[in-house]
Amino acid sequence: MRITKRNLLALTLSTALTLPGIALAQDGAIKIGLLATFEGAFTVLGEDGERGAMTAVNEFGGEVAGHEIEIIRGSSDASPDSAVRAARKLVEQDGVKVLVGPLSGDEGIAVKDYAKTQPDVTFINGSSAAQDTTFRDPADNFFRFSTDGAQWMAGLGTYVYNEKGYQSVATVAEDYSFPYTQVFGFMAEFCNAGGTVPSKSWVPIGNKDYSSVIAAIPDEVDAIYVALGGADAVNFLSQYQQAGGEAPLIGGSITVDQTVLTSEGRLRDILIGTPAAGPTADTNDSKEWLSFVEEYKKTDGAFPSPSLFAHGYYIGMKAALLALEETGGDLSDPTAYREALANLEFETPTGKVSLDENRNAIADIYLTEVVEGPDGNLVNKLIQTTPQVNQTLGIDKEEFRALGAVSRENPSCP
């Protein structure tokens, strides 16, 4: 193979992906920190987030405004402390002026708070989707182009009430800010339609034994809404199936993500037919999505189509690079760079994205249902698109704020 600047960079990027903690060392490059979960229960999610980010870098040929892009990897385990430690190293030791990440909800809130102590650094979210990363007490230098977990639920609560006939639903979710946000988004519609949620179960990340959780689910509910990710989702679904559970499922975004649908075993029997919603749909047939899938696979993509984590990191990294293009690669004035970010409006593989006054994305959201694809893999079939969902779900901002912060108890419709 003839070694050109572009394919040499691609080889370097590919090598870096296999060496945790290794930075790309190129003279005169623009350094961008990439913070994701390369440890713990969400490792697979972080690895696919990285593939999404590198898809964006490759789309730019590894450079912007004549500057090569140097990616410096930071690793967390989904805990807030680990995310801040990794961010601190990237900023204070490695000297990045732009950081893309983190992945998980509590991490996002913690990194947002850390961002307030680093006014010369710009933080661009990866896939972290807790509502209050941007909605309450935002940081001027933290941007989210990937929407939040409540936005991801647009259309789902109304659909399962009206079309599936589910009137009573139990929820099972991890016990931290992102699942609180997802449950909030689902219940905002479901309860408004007339549904009730008589039981909520909250479990820690990395939980192995779900027997008590399964036993606590009321027999009379019409369905179970599940907001668990990665290994947690696989463990719960496997144990629920083994226990003879028969209630149909409703999927939180990460529960029916490709990081779960591709798991080995008999989960397909329980997952087929599961309605869900989120920022992506595997059967999206737009040319933009199909092109994204093709480019993602060039990064040795592990799944038939990009996970929502790959999608989130791709959009965040692309925004970072587009704003750098606007400023000629100049980061000496962080205000100018942030103005470029704030004014971005661009087409993504999943439609137009722009930001609101809190620097949070407005974007299309997809209602889906798990089906068996042509090759036998499970995929999320696109049912309908809810266009340009904002962070207040179409509700007046002050009215939405009056609903209160998401939590274990809020909202409630028993």
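Worth saying up front: this structure is predicted, and the values here are computed from it rather than measured.
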What I want to find out is whether Arg408 reaches Asp175 closely enough, with some N-O distance under 4.0 Å, to be called a salt bridge. yes
Could you check whether any side-chain heavy atom of Tyr176 comes within less than 4.5 Å of a side-chain heavy atom of Ser104, counting everything from C-beta outward? yes
Report yes or no: do Thr147 and Trp152 form a side-chain donor-acceptor pair below 3.5 Å? yes
Just do the side chain to side chain contact (heavy atoms under 4.5 Å, CB included) check on Gln258 and Val379 with the steps written out, would you? CA-CA 7 Å; Gln258 281 294 324; Val379 296; 4.2 Å; yes
If you take all heavy atoms of Ser75 and Glu39, which pair is closest and at what distance? OG-OE2, 2.6 Å
Angle class for the Phe400/Phe184 ring planes (parallel below 30°, perpendicular above 60°, tilted otherwise)? perpendicular
Give a yes or no on whether the backbone of Gly206 and the side-chain of Asp232 come within a donor-acceptor separation of less than 3.5 Å. yes
Do any N or O atoms from the side chain of Thr327 and from the backbone of Ala323 form a donor-acceptor pair under 3.5 angstrom? yes
Any donor-acceptor pair under 3.5 Å linking the side-chain atoms of Ser128 with those of Glu107? no
Do the side chain of Arg268 and the main chain of Gly376 share a donor and acceptor less than 3.5 angstrom apart? yes
Modelled atom types, side-chain donor and acceptor of Asp375 and Asn377, under 3.5 Å: yes
Backbone N or O of Ala173 within a donor-acceptor pair of the Tyr225 side chain at under 3.5 Å? no
Straight-line distance of Ile72 CD1 to Leu34 CG, nearest 0.5 Å: 10.5 Å
Taking the side chain as every heavy atom from C-beta outward, state whether Lys200 and Trp202 have any atom pair closer than 4.5 Å. yes
Charged N to carboxylate O under 4.0 angstrom, Glu357 versus Lys397? yes
Does any non-hydrogen side-chain atom of Ile250 lie less than 4.5 Å from one of Val226? no
Step-by-step side chain to side chain contact (heavy atoms under 4.5 Å, CB included) determination, Leu267 to Val234: CA-CA 8 Å; Leu267 290 186; Val234 173; 4.1 Å; yes
Gln151 versus Asn360, side-chain donor and acceptor atoms under 3.5 Å: yes
Taking all non-hydrogen atoms of both residues into account, name the closest pair between Thr37 and Leu45 and its distance. OG1-C, 4.4 Å
With heavy-atom distances below 4.5 Å as the criterion, would you say the side chains of Val370 and Leu261 are in contact? yes
Does Asp94 come within less than 4.0 Å of Lys89, counting only side-chain N to carboxylate O? yes
d(Arg85 CZ, Asp77 CG) to nearest 0.5 Å is 7.0 Å
Regarding Thr122 and Asn141, do their side chains bring together a donor and an acceptor under 3.5 Å, going by distance alone? no
If we ignore hydrogens and angles and just use 3.5 Å, is the side chain of Asp222 paired with the main-chain N or O of Gln167 as donor and acceptor? yes
Roughly how far, to the nearest 0.5 Å, is the CD atom of Glu345 from the CG atom of Leu355? 9.5 Å
d(Leu99 CG, Gln118 CD) to nearest 0.5 Å is 10.5 Å
Do Thr181 and Asp148 have side-chain N/O donor and acceptor atoms under 3.5 Å apart? no
What class does the angle between the rings of Phe190 and Phe186 fall in, given that below 30° is parallel, 30 to 60° is tilted and above 60° is perpendicular? parallel
Side chains of Asp364 and Gln388, donor plus acceptor under 3.5 Å: yes
Contacts of type side chain to side chain donor-acceptor pair (under 3.5 Å), residue Thr55, not counting sequence neighbours: none
Minimum-distance pair of heavy atoms, taken over all atoms of Ala405 and Arg136: N-NH2, 3.4 Å
Pairing donors with acceptors under 3.5 angstrom, does anything connect the side chains of Ser79 and Asp81? no
Are the side chains of Val57 and Glu63 in contact, using a 4.5 Å heavy-atom criterion? no
Would a 4.5 Å heavy-atom cut-off, applied to side chains only, mark Thr348 and Glu288 as touching? no
So do the side chains of Ile32 and Met317 get within less than 4.5 Å of each other, counting heavy atoms only? yes
For Thr350 and Tyr366, which heavy atoms make the closest approach, and how far apart are they? O-OH, 3.0 Å
Sub-3.5 Å donor-acceptor pair from the side chain of Ser305 to the main-chain atoms of Asp282, do we have one? no
Taking the basic N atoms (NZ, or NE/NH1/NH2) and the acidic carboxylate oxygens, is any pair closer than 4.0 Å for Arg73 and Glu50? yes
pair Phe303-Val44: side-chain heavy atoms closer than 4.5 Å: yes
Ser146 and His311: side chain donor to acceptor below 3.5 Å: no
Between Trp289 and Pro306, what is the shortest heavy-atom contact and its length? CZ2-CD, 4.0 Å
Basic-acidic side-chain contact under 4.0 Å: Glu372, Lys381: no
Atom of Ala110, atom of Pro80 and distance for their closest heavy-atom approach: CB-CB, 3.7 Å
To the closest 0.5 Å, what do you measure between CD1 (Ile272) and OG1 (Thr274)? 9.0 Å
Within the distance-only criterion (no hydrogens, no angle test), does the side chain of Asn58 pair as donor or acceptor with the backbone N or O of Met54 below 3.5 angstrom? yes
Pairing donors with acceptors under 3.5 angstrom, does anything connect the side chains of Glu220 and Ser168? no
Say you draw a straight line from OG1 of Thr299 to CD of Glu47; how long is it, rounded to the nearest 0.5 Å? 11.5 Å
side-chain hydrogen bond (donor to acceptor under 3.5 Å, both in side chains) assessment of Gln391 paired with Thr134: CA-CA 9 Å; Gln391 196 171 26; Thr134 53; 2.9 Å; yes
Arg359 to Phe145, cation-pi by 6.0 Å centre distance and 45° axis angle: no
Using salt bridge (Lys or Arg N to Asp or Glu O under 4.0 Å), reason through Glu68 and Lys31 one step at a time and then give a plain yes or no. CA-CA 9 Å; Glu68 291 185 352; Lys31 294 194 289 189; over 6 Å; no
Check the surroundings of atom CG in Asp269: do more than 12 heavy atoms from other residues, nucleotides or ligands lie under 6.0 Å from it? yes
Kindly say whether Glu339 contributes a backbone atom to a donor-acceptor pair with the side chain of Asn343 at under 3.5 angstrom? yes
Ignoring hydrogens and geometry beyond distance, is a side-chain donor-acceptor pair present between Arg88 and Gln93 at under 3.5 Å? no
Taking the six-membered ring for Trp, are Tyr210 and Phe236 parallel (under 30°), tilted (30 to 60°) or perpendicular (over 60°)? perpendicular
Has the side chain of Glu189 got a donor or acceptor atom that lies under 3.5 Å from a matching backbone atom of Gly157? yes
Please check: side-chain N/O of Thr255 versus main-chain N/O of Leu228, any donor-acceptor pairing under 3.5 Å? yes
Heavy atoms of other groups near Glu347 CD, more than 12 under 6.0 Å: yes
Distance alone, cut at 3.5 Å: any donor-acceptor contact between the side chains of Asp48 and Tyr313? no
